[in-house]
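Please read the structure below before turning to the comments.
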Amino acid sequence: MALNCFNKALALASDENAADIWYNIGHVALGIGDSKLAYYAFKLTLACNSDHAEAYNNLGVLEWRRGHGEQVLCVCVCVCVCVCCDGDCYVVPALPKALACFRSSAQLAPHLYEPHYNMATASEKIGNLHDSYHYAKKSAEVFPDHLDTAELLKQLKQHFAAL
């Protein structure tokens with residue numbers, strides 16, 4: 001039913017609001033567990049509006065998942081949704097794409113904490129602790145009450161103190 005509504009919305013959409021419709025389709029796809037549809041919907045969001053920061057962030061999360069399993073990264077929604085996994089992390093080709101997406105998102109919308117947090121988390125997972133700390137600080141500046149950012153900063157400070 002929802003997809004029929006989105007089809008009708010796309011048929012009636014102007015160039016100005018088509019990006020938001022595709023973005024919403026991406027969220028519905030995430031909600032039903034269809035990461036392929038979500039990926040293509042966020043790509044189409046960017047095709048309609050190349051300045052859509054939230055779509056860049058969410059594409060980064062999907063790129064990260066492709067190479068790392070489901071890690072603790074934030075998807076841009078009204079409320080942060082975190083997907084977690086206890087698996088090990090490995091550097092894979094998806095990482096540069098994910099970081100590039102997060103970086104684009106952060107540059108387009110510095111008021112969003114999610115891309116900063118996601119860059120911090122990804123950097124920490126691959127052992128780049130200096131960058132992780134830098135991005136975690138930015139995330140904390142934007143959203144001081146984000147518990148995951150506070151925990152990451154605490155872990156990084158403990159690691160640096162041990163050096």
Side-chain angles (χ1 to χ4, degrees), residues 2-3 6 10 18-143 146-153 155-156:
L3 292 179
F6 281 123
L10 284 169
D20 291 329
I21 295 167
W22 280 114
Y23 182 73
N24 290 334
I25 290 171
H27 275 287
V28 169
L30 286 174
I32 62 173
D34 190 342
S35 59
K36 281 187 180 182
L37 175 59
Y39 183 85
Y40 290 115
F42 293 136
K43 286 285 222 180
L44 288 167
T45 300
L46 293 172
C48 295
N49 177 1
S50 62
D51 291 336
H52 203 289
E54 294 89 348
Y56 275 113
N57 182 72
N58 293 352
L59 270 177
V61 171
L62 291 172
E63 288 289 350
W64 179 268
R65 285 181 186 173
R66 281 181 168 182
H68 288 83
E70 295 181 353
Q71 296 294 324
V72 180
L73 296 177
C74 292
V75 175
C76 289
V77 290
C78 295
V79 176
C80 173
V81 176
C82 294
V83 181
C84 306
C85 174
D86 294 324
D88 293 326
C89 300
Y90 301 98
V91 179
V92 295
L95 181 63
K97 284 184 181 180
L99 288 176
C101 289
F102 298 147
R103 202 169 287 117
S104 294
S105 179
Q107 288 172 347
L108 288 168
H111 62 279
L112 295 176
Y113 77 93
E114 293 96 339
H116 298 294
Y117 172 74
N118 290 340
M119 285 192 294
T121 301
S123 296
E124 189 266 337
K125 295 293 183 194
I126 63 168
N128 189 344
L129 302 182
H130 180 268
D131 282 356
S132 179
Y133 184 77
H134 170 77
Y135 294 126
K137 291 285 282 182
K138 283 190 174 191
S139 176
E141 288 171 13
V142 175
F143 185 19
H146 187 237
L147 297 177
D148 291 332
T149 298
E151 181 61 29
L152 179 57
L153 280 170
Q155 291 172 2
L156 290 167

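Only a predicted model underlies this, so the values are computations on that prediction, with no experimental measurement involved.
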Heavy-atom pair with the smallest gap, counting every atom of [X] and [Y]:
| X | Y | value |
| --- | --- | --- |
| Ala98 | Trp64 | CB-N, 3.8 Å |
| Ala29 | Ala38 | CB-N, 3.4 Å |
| Leu153 | Ala136 | CD2-CB, 3.6 Å |
| Ala53 | Ala109 | CB-CB, 3.5 Å |
| Met119 | Ala106 | CE-CB, 3.9 Å |
| Ser50 | Leu108 | O-CD1, 4.0 Å |

Can you measure from [atom1] ([X]) to [atom2] ([Y]) and round to the nearest 0.5 angstrom?
| X | Y | atom1 | atom2 | result |
| --- | --- | --- | --- | --- |
| Ser105 | Asn58 | OG | CG | 8.0 Å |
| Leu62 | Lys97 | CG | NZ | 12.0 Å |
| Tyr135 | Leu152 | OH | CG | 13.5 Å |
| His134 | Asp131 | NE2 | CG | 7.0 Å |
| Ile21 | Leu44 | CD1 | CG | 12.0 Å |
| Tyr40 | Asp34 | OH | CG | 10.5 Å |

Test item: [X] and [Y] side chains (from C-beta on) under 4.5 Å apart, heavy atoms:
| X | Y | result |
| --- | --- | --- |
| Val28 | Leu37 | no |
| Tyr117 | Val142 | no |
| Phe143 | Leu112 | no |
| Leu156 | Glu124 | yes |

TODO: Would you mind telling me which of Pro115, Cys101, Ser104 makes a side-chain contact (heavy atoms from CB on, under 4.5 Å) with Asn57?
DONE: Pro115
Open item on the list: Working note: Glu63 + Tyr39, criterion side chain to side chain donor-acceptor pair (under 3.5 Å); need CA distance, chi angles, decisive distance, verdict.
Closed with: CA-CA 9 Å; Glu63 288 289 350; Tyr39 183 85; 2.9 Å; yes
- [ ] Tell me whether the centres of the aromatic rings in His52 and Tyr56 are closer together than 6.0 Å.
- [x]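 Ring centres of Tyr56 and His52 not closer than 6.0 Å.
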Open item on the list: Angle between ring planes, His27 versus Phe42, binned at 30° and 60°: parallel, tilted or perpendicular?
Closed with: perpendicular
- [ ] With side chain to side chain contact (heavy atoms under 4.5 Å, CB included) as the test, would you mind laying out the steps for Leu59 and Thr45 before giving the verdict?
- [x] CA-CA 10 Å; Leu59 270 177; Thr45 300; over 6 Å; no
Open item on the list: Assess the residue pair Asn49 and Trp22 against the criterion (side chain to side chain contact (heavy atoms under 4.5 Å, CB included)); give the C-alpha distance rounded to whole Å, side-chain angles, the decisive distance to 0.1 Å, and a yes or no.
Closed with: CA-CA 10 Å; Asn49 177 1; Trp22 280 114; over 6 Å; no
- [ ] Check whether any side-chain N or O of Ser132 sits under 3.5 Å from a backbone N or O of Asn128 as a donor-acceptor pair, and report yes or no.
- [x] no
